[in-house]
Amino acid sequence: MIIESDKPMKSQTEVSPPKRKPSGANGDDRRLAGILTLDASGYVESSNVAMQHLYGDICRNGQHVSVFFQTPIALGNTADTISTKLTGSNPIPVKVTISPLTSSVVPQGYAVLVEAISTGELLNNRTFLAALSHELRTPLNSVLGFSQILRTELSGEQAESVEMIEFAGQHLLALTDQLLAMLQPNAAPEENEAFSTETLAKDCVRLMTHQARARGISLHIEPNSRWPVIRQSRLRMQQVLINFLSNAIKYNRANGHVHVRGMMLQEAGQPWFRLAVRDTGFGIENGSDDAVFEPFVRLEQSKMQASGLGLGLSICQEMAKLLGGRIGYVSEPGASTTFWIEIPVSPPVRDTSKK
């Protein structure tokens, strides 16, 4: 069993993500990941569909984490990979990662990530994910179809709201298609497309407006921004920006502000596009840099309770790597945090910003 607990922190305020090690013998990490959340005593509070698929009836709230593994585990300690009975009577090796769901010394709970290692189980997991993704498409297409009908019959603010439902549905459908493509044995690399970064920013801001209004938070696109038309993966950039905005809203002060800015950089003759989101929240304490992009880490939890498992920034880190870019942040404790992503762009780049 591999257990991740509190790690020494560096005292820097702007970081680039650490390199990720391959998950399997061939570096293939497209496996089914079961997730449990535990209370401080190790009892299950929730589980995802993948965990329920792997473990069946024993995967229910109130069970102690010890029932899932043959080798006893101690929360907060580190041991080798263990075996667990996923199906039938034969133990199957898994990698288990346990992370505390708190930034304080005494954990308020734990998140448990379980990844099957065996080839046969990996194949079954891909089949399960493919079936799940396929089944998601039917209700998604219904939502999109009815939203398009509604949009033609409504006007004003109601039509805009339905348009945002359609945009969110299209985003989720694209993520489903992306997952299905990843599961193909010889999947072709995703094709990049030319798109306006300004349109991307406006679409994502509009999508998050309702969530922001619920907390009295104002979203702003800075007028001095630079918004080029670039050829990249719009979907991945959209995933990053939505996660940045979601965190900036969740971990902000009530009636706070969120600022979105785009800019162009030059590095050794190579143009880069930088997309940054700044909040007016509590900032990130010095010495937390190593943990910011780790999965299941929620550094702001000691200040406020917000939904989620702490996966958003780790997803953004993966998207930055797939885009050939880099990700980081600058924070002023007690005042604000700015998260940014920088991606290389191939010239010619057309700037659509108003001069």
Side-chain angles (χ1 to χ4, degrees), residues 10 12-20 171 174-175 178 188-208 219-248 257-280 283-284 288-294 311-332 336-355:
K10 295 180 181 178
Q12 59 188 34
T13 57
E14 188 166 336
V15 298
S16 294
K19 293 182 179 179
R20 180 178 176 182
H171 178 66
L175 292 176
Q178 183 185 66
E190 181 181 353
E191 292 186 6
N192 295 333
E193 59 179 310
F195 66 92
S196 165
T197 54
E198 182 176 25
T199 301
L200 172 75
K202 289 179 177 179
D203 286 345
C204 292
V205 166
R206 289 175 63 197
L207 177 66
M208 304 304 292
L219 304 181
H220 312 272
I221 295 180
E222 295 193 1
N224 61 341
S225 294
R226 280 302 190 233
W227 301 110
V229 172
I230 63 175
R231 182 170 292 278
Q232 263 288 4
S233 170
R234 190 185 198 278
L235 176 61
R236 288 172 179 162
M237 286 293 292
Q238 192 166 289
Q239 287 177 263
V240 172
L241 183 51
I242 289 174
N243 272 301
F244 279 178
L245 288 170
S246 177
N247 280 353
H257 298 269
V258 175
H259 299 267
V260 181
R261 185 184 183 193
M263 60 187 300
M264 290 298 299
L265 308 171
Q266 286 285 336
E267 185 176 301
Q270 168 66 52
W272 291 71
F273 173 63
R274 177 179 176 129
L275 180 61
V277 175
R278 176 172 60 88
D279 62 44
T280 55
I284 297 174
S288 300
D289 298 329
D290 281 351
V292 168
F293 295 99
E294 290 292 320
L311 288 170
L313 290 176
S314 66
I315 292 173
C316 290
Q317 176 181 296
E318 291 300 313
M319 293 300 103
K321 291 201 309 183
L322 291 171
L323 290 163
R326 55 205 179 200
I327 192 172
Y329 74 96
V330 179
S331 185
E332 183 180 350
S336 68
T337 301
T338 300
F339 278 95
W340 53 263
I341 181 173
E342 294 174 353
I343 59 170
V345 293
S346 301
V349 178
R350 182 161 57 90
D351 192 342
T352 61
S353 308
K354 294 181 180 180
K355 304 294 192 289

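All residue numbers refer to positions in the sequence shown, counting from 1.
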Find out whether [X] and [Y] are in side-chain contact, i.e. whether some heavy atom of one side chain is under 4.5 Å from a heavy atom of the other.
X	Y	answer
Asn247	Leu313	yes
Ile221	Glu198	no
Ile230	Phe195	yes
Cys204	Leu245	yes
Leu241	Leu275	yes

Inter- and intrachain pairs under salt bridge (charged side-chain N to carboxylate O under 4.0 Å, His left out), touching residues 262-271, at least two apart: Glu267-Arg326
Apply side-chain contact (heavy atoms from CB on, under 4.5 Å) to Gln266 and list each qualifying residue two or more places apart in sequence or on a separate chain. Pro271
With Met263 via side-chain contact (heavy atoms from CB on, under 4.5 Å) - residues at least two apart: Arg261, Leu265, Arg274
Which pair of non-hydrogen atoms, one from [X] and one from [Y], has the smallest distance, and what is that distance?
X	Y	answer
Ser225	Val260	OG-O, 3.9 Å
Asn192	Arg231	O-NH1, 3.6 Å
Phe273	Gly262	CE1-CA, 3.9 Å
Leu323	Pro344	O-CD, 4.0 Å
Trp340	Tyr329	NE1-N, 3.4 Å
Ser336	Ser331	O-OG, 3.3 Å

[atom1]/[X] to [atom2]/[Y] distance, rounded to the nearest 0.5 angstrom?
X	Y	atom1	atom2	value
Thr199	Trp227	OG1	CH2	10.5 Å
Lys202	Leu219	NZ	CG	14.5 Å
Asp279	His257	CG	NE2	12.0 Å
Leu322	Gln239	CG	CD	9.0 Å
Asn243	Gln317	CG	CD	12.5 Å
Met319	Met237	CE	CE	12.0 Å

Just jot down the ring-ring contact (aromatic ring centres under 6.0 Å, His included) partners of Phe244, sequence neighbours excluded, or say none. Phe339
When you look at Ile242 and Leu207, which way does the side-chain contact (heavy atoms from CB on, under 4.5 Å) test go after all the steps? CA-CA 8 Å; Ile242 289 174; Leu207 177 66; 3.7 Å; yes
Taking side-chain hydrogen bond (donor to acceptor under 3.5 Å, both in side chains) as the test, write out the residues that go with [X], two or more places apart.
X	result
Thr280	Asn252
Asp203	Arg234
His171	Gln238

Tell me, please, which residues at least two apart from Arg206 pass salt bridge (charged side-chain N to carboxylate O under 4.0 Å, His left out). Glu163
